[in-house]
There are 2 protein chains.
Amino acid sequence: MGDCIAEMARLPDKSVDMIFADPPYNLQLGGDLIRPEGGKVDACDDDWDKFDSLATYDDFTREWLAEARRILKDDGTIWVIGSYHNIYRVGSLLQDADFWILNDIVWRKSNPMPNFRGTRFTNAHETLLWCAKDEKARYTFNYRAMKALNDDLQMRSDWVLPICSGGERVKDEWGEKAHPTQKPEALLYRILLACTKPGDVVLDPFFGTGTTGAVARRLGRKWIGIERERAYVKVATARIEATLPLDESAMTVMADKRSAPRVAFGLLVESGLVPAGATLTDSKRRWFATVRADGSIASDMHSGSIHKVGAALQGAPSCNGWTFWHLDDATGLTELDVLRQRHLAAL
Amino acid sequence: MGDCIAEMARLPDKSVDMIFADPPYNLQLGGDLIRPEGGKVDACDDDWDKFDSLATYDDFTREWLAEARRILKDDGTIWVIGSYHNIYRVGSLLQDADFWILNDIVWRKSNPMPNFRGTRFTNAHETLLWCAKDEKARYTFNYRAMKALNDDLQMRSDWVLPICSGGERVKDEWGEKAHPTQKPEALLYRILLACTKPGDVVLDPFFGTGTTGAVARRLGRKWIGIERERAYVKVATARIEATLPLDESAMTVMADKRSAPRVAFGLLVESGLVPAGATLTDSKRRWFATVRADGSIASDMHSGSIHKVGAALQGAPSCNGWTFWHLDDATGLTELDVLRQRHLAAL
DNA sequence: CCGCAAGCTGAATCGTTAA
DNA sequence: ATTAACGATTCAGCTTGCG
């Protein structure tokens with residue numbers, strides 16, 4: 001327990017094999033954000049995430065990165081996670097400190113919080129940077145393990161994982177979430193499995209509820225956690241003590257949740273498979289509609305998605321636009337569902 | 001044709017609505033990369049991608065960003081695409097230049113080049129930054145069009161798109177790919193559809209084979225392209241001339257409700273669409289109110305505008321009375337918003 | 001005990017106009 | 001420059017409660 005820079009300063013040079021760091025993001029949130037149904041978003045407004053300026057944040061980052069670099073073995077690697085608020089500062093400062101970026105990894109959240117006001121794209125991912133100490137370092141990368149984890153295909157730089165919720169979310173003594181930004185164990189599982197060997201020492205300078213420690217213990221890695229807040233240290237300690245070493249059944253929980261890719265009709269328009277301006281009709285040419293640039297369609301009376309317009313024209317409560325509508329061009333009628341299959345095959 | 005900084009310097013202040021920039025990535029490649037079957041990877045080793053040091057790259061980036069900022073309208077936005085080699089420099093310098101990041105977007109490539117050596121994760125994405133000139137800017141974001149393009153779900157920050165290949169890839173006179181890093185039209189299509197209006201001026205300071213110009217022309221946007229290499233200018237010019245604009249009906253996208261003309265509820269009462277004395281209720285018939293002659297409504301406890309009374313009854317901070325209240329008559333429940341649409345259509 | 005509906009929640013830089 | 005009023009806006013997954 002203590003300040004991460006002061007505590008790292010007490011560790012010897014080149015003594016840890018891997019560092020995983022989840023530093024403050026410096027979110028710079030404004031006033032309250034209200035949900036459409038009236039509820040308030042429980043924002044991360046803790047003091048530990050507040051910095052006076054970008055310069056202050058940069059100074060803090062430079063300092064802890066310098067200690068991290070000193071402690072890290074020459075062939076060790078460092079992982080840092082962040083969002084667009086801070087990751088560009090962190091990435092630049094990592095490069096300035098002569099770290100060598102091996103990959104940037106995108107954590108694509110399967111269930112992110114929506115953008116309630118319709119003002120931006122849903123902020124649906126976070127970014128992780130994986131770096132060696134220099135270009136020539138002989139770092140650990142368990143290529144085969146990653147390939148096995150990904151159905152015998154190379155593991156890519158984008159990882160789809162759900163956010164940490166439900167039973168995995170650590171609760172405090174009042175039953176509330178113990179920490180505003182707890183990371184999912186599946187994320188740490190993949191990182192530790194990819195970049196460490198059993199018995200390696202993993203350091204997490206922003207330990208929080210101890211996800212890194214719990215997964216390290218489960219995978220037979222040694223760990224060091226540094227955390228400033230007494231409340232977090234307390235829940236982390238209890239959590240890790242309750243963690244059992246991995247058994248085979250638990251491994252399946254960690255695997256990717258895979259499902260058939262959903263195709264939006266708009267993607268066919270973007271890719272040119274169904275050009276904007278094209279005419280759609282049903283199999284008996286009773287109704288017609290025109291495709292618009294954004295993938296919505298318009299008949300003389302209605303506009304909206306292929307499903308909504310199909311339903312409205314027929315006076316039906318619902319309609320599967322994929323099988324109802326056909327592209328009407330020089331080659332004749334082609335069911336949209338056939339074009340969708342073609343699009344999926346091309347991917 | 002010319003150097004991007006020199007040419008931008010000739011453009012007036014605050015004169016373009018949007019900037020899309022695909023600057024050199026400063027890839028810092030080592031020796032040749034050989035594929036498992038023996039072929040050599042055709043790497044991007046052009047002179048224009050080489051910089052002496054990170055500091056040189058930063059200086060170059062600072063310079064063109066300063067010109068870009070000067071040229072951009074106050075409510076305009078800038079997009080920059082990059083990979084892990086350069087995007088952390090660019091993101092940091094954007095923030096240093098007081099740009100305000102709205103989103104970082106991940107272009108997840110459906111068909112990336114594998115990692116032939118098995119030494120890292122497959123580098124399967126690139127990153128785009130979307131920024132306004134400052135926090136308060138009132139930028140263009142066609143929320144409804146993006147939602148339509150994504151099957152009526154909010155468009156997320158991770159976009160799955162194939163790389164540019166096949167017939168879309170521009171060839172030179174010898175049949176070789178004309179440019180090593182041509183971007184797919186689908187990427188520009190989504191960006192221009194999301195963040196510009198028809199007739200807007202889009203600037204691309206690193207024009208290459210003119211993808212931005214081709215898509216801008218197709219979507220009825222004006223464009224300015226700056227490119228240093230004569231060979232690229234030549235293929236870009238031919239390509240754009242061969243691109244046909246969409247006609248206006250195809251270019252139409254789902255309208256944003258915010259841009260629709262305001263209708264006072266009282267107008268519906270005046271016109272008889274909602275008769276004074278009528279009963280309003282919510283979709284679940286939990287609350288009721290009576291319409292008064294002046295367009296105010298009254299429940300047993302509260303009276304005022306449709307918004308105020310809706311908020312008060314629910315104990316919510318605010319309420320959209322148009323979607324909350326329904327006219328309750330012989331035909332059943334009709335949402336006020338539907339009656340508003342009917343009123344607008346009748347005008 | 002099951003099935004279904006309703007409710008809650010997550011690292012969020014989350015509005016515009018006119019008086 | 002400040003304030004009030006208008007009115008636009010959500011996805012996936014888990015939990016709780018009721019029949």
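Throughout, a chain's letter reflects where its sequence line sits, starting with A, and its residues are numbered from 1.
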> Using atom C1' of each nucleotide, how far apart are D/dG7 and C/dC14 to the nearest Å?
Replying inline: 15 Å

>> What contact category does B/Glu135 fall into here, base, sugar-phosphate, or nothing, at under 4.0 angstrom with non-hydrogen atoms?
In response: nothing

>> Less than 4.0 angstrom from a charged side-chain N to a carboxylate O is my criterion; do A/Arg89 and B/Asp96 meet it?
In response: yes

> Where does C/dT13 fall, syn or anti, if syn means a chi angle no more than 90° from 0?
Replying inline: syn

>> Check the phosphate of D/dG7 against B/Lys257, side-chain N and O only, distance under 4.0 Å to OP1 or OP2. Yes or no?
In response: no

> Can you find a side-chain donor-acceptor pair between A/Thr211 and A/Arg239 that sits under 3.5 Å?
Replying inline: yes

> At under 4.0 Å between heavy atoms, what does A/Asp22 touch on the DNA or RNA strands: base, sugar-phosphate, or nothing?
Replying inline: base

>> Run B/Ser157 and A/Arg120 through side chain to side chain donor-acceptor pair (under 3.5 Å) and show every step you take.
In response: CA-CA 9 Å; B/Ser157 57; A/Arg120 302 179 179 189; over 6 Å; no

>> What is the separation between atom CZ on B/Phe141 and atom P on D/dT9, rounded to the nearest whole Å?
In response: 12 Å

>> Please tell me whether B/Arg285 and B/Thr281 have a donor and an acceptor in their side chains that are separated by less than 3.5 angstrom.
In response: no

> Could a donor-acceptor pair under 3.5 angstrom be found where the side chain of B/Ser318 meets the base of D/dA8?
Replying inline: yes

>> Assess the residue pair B/Lys133 and B/Asp74 against the criterion (salt bridge (charged side-chain N to carboxylate O under 4.0 Å, His left out)); give the C-alpha distance rounded to whole Å, side-chain angles, the decisive distance to 0.1 Å, and a yes or no.
In response: CA-CA 6 Å; B/Lys133 282 182 83 167; B/Asp74 284 341; 3.5 Å; yes

> Charged N to carboxylate O under 4.0 angstrom, B/Asp134 versus B/Lys136?
Replying inline: no

> So A/Met18 and A/Ile78, side chain to side chain contact (heavy atoms under 4.5 Å, CB included) or not? Walk me through it.
Replying inline: CA-CA 6 Å; A/Met18 207 261 263; A/Ile78 182 170; over 6 Å; no

> Does a sphere of radius 6.0 Å around NZ in B/Lys197 hold more than 12 heavy atoms from other residues, nucleotides or ligands, not counting ones at 6.0 Å or beyond?
Replying inline: no

> When rounded to the nearest Å, what value does the distance between C1' atoms of D/dT10 and C/dG7 take?
Replying inline: 14 Å

> Which of parallel (below 30°), tilted (30 to 60°) and perpendicular (above 60°) describes A/Phe121 and B/Phe141?
Replying inline: perpendicular

> Does A/His179 or A/Arg117 map to a spot on DNA chain C nearer the 5' end, using the closest nucleotide for each?
Replying inline: A/His179

> Mapping A/Asp42 and B/Leu102 to their closest nucleotides on DNA chain C, which lands nearer the 5' end?
Replying inline: A/Asp42

> What nucleic acid atoms does A/Ser83 come within less than 4.0 Å of, heavy atoms only: base, sugar-phosphate, or nothing?
Replying inline: nothing

>> Below 4.0 angstrom, which residues in residues 282-296 of chain B have at least one non-hydrogen atom near DNA chain D?
In response: none

>> It should be established whether B/Lys147 places a side-chain nitrogen or oxygen under 4.0 Å from OP1 or OP2 of nucleotide D/dT10.
In response: yes

>> Taking the six-membered ring for Trp, are A/Trp48 and A/Phe206 closer than 6.0 Å centroid to centroid?
In response: no

> Would A/Asp158 and A/Arg108 pass as an ion pair if we require N to O under 4.0 Å?
Replying inline: yes

>> Could you tell me how far apart A/Asn115 (CG) and D/dA8 (P) are, to the nearest whole angstrom?
In response: 16 Å

>> Could you tell me how far C/dC1 sits from D/dT16 if I compare only their C1' atoms? Round to whole Å.
In response: 16 Å

> Heavy atoms under 4.0 Å, any strand shown: does B/Arg156 hit a base, just sugar-phosphate, or nothing?
Replying inline: nothing

> Within this structure, what is the CG-to-P distance between B/Leu153 and D/dA12, rounded to whole angstrom?
Replying inline: 5 Å

>> Without decimals, in angstroms, what is the distance between B/Phe324 CZ and D/dT9 C1'?
In response: 16 Å

> Hey, where does DNA chain D pair up into stems, meaning at least three consecutive Watson-Crick or G-U pairs with distances under 3.5 Å?
Replying inline: C:2-10 with D:11-19, C:15-19 with D:2-6

>> Once you apply a heavy-atom cut-off of 4.0 Å, does B/Gly304 come out as touching a base, just sugar-phosphate, or nothing?
In response: nothing

> Just the endpoints, please: which first and last nucleotides of DNA chain C, 5' to 3', lie under 4.0 Å from a heavy atom of chain A?
Replying inline: C/dT9 to C/dG15

> Base, sugar-phosphate, or nothing: which does A/Pro23 touch, judged by heavy atoms less than 4.0 Å apart?
Replying inline: base

>> In this structure, how many angstroms lie between the P atom of D/dT9 and the CD atom of B/Glu335, rounded?
In response: 12 Å

> Rounding to the closest angstrom, what is the interatomic distance between C/dT13 and D/dA12 at atom C1'?
Replying inline: 23 Å

> If the P atom of D/dT9 is compared with that of C/dT9, how far apart are they to the nearest Å?
Replying inline: 24 Å

> Expressed in angstrom and rounded to an integer, what is the separation of A/Ile163 atom CD1 from D/dC14 atom C1'?
Replying inline: 10 Å

>> For B/Cys319 and A/Asn111, find the nucleotide of DNA chain D closest to each by heavy atoms; which residue's nucleotide sits nearer the 5' end?
In response: B/Cys319

>> For a quick check under 3.5 Å, do A/Asn115 and B/Tyr143 share a side-chain donor-acceptor pair by atom type?
In response: no

> Taking atom P of D/dG7 as reference, at what distance in whole Å does atom CD1 of B/Ile306 sit?
Replying inline: 7 Å

> What integer number of Å spans the P atoms of C/dA11 and D/dT15?
Replying inline: 16 Å

> For D/dC6, does OP1 or OP2 lie under 4.0 Å from any side-chain N or O of B/His307?
Replying inline: no

> B/Trp322 CH2 to D/dA8 P: how many Å, rounded?
Replying inline: 9 Å

>> With rounding to the closest Å, how many angstrom separate the C1' atoms on C/dG10 and D/dC6?
In response: 29 Å

>> Aromatic contact between A/Tyr84 and B/Trp130, with the criterion being ring centroids under 6.0 Å apart: yes or no?
In response: no

> What is the nucleic acid contact for A/Gln28, judged by heavy atoms within less than 4.0 Å: base, sugar-phosphate only, or nothing?
Replying inline: base

>> Under a 4.0 Å threshold between the charged nitrogen and the carboxylate oxygen, would B/Lys73 count as salt-bridged to B/Asp17?
In response: yes

> Looking only at side-chain N and O atoms, does A/Ser165 come under 4.0 Å of OP1 or OP2 in D/dA12?
Replying inline: no

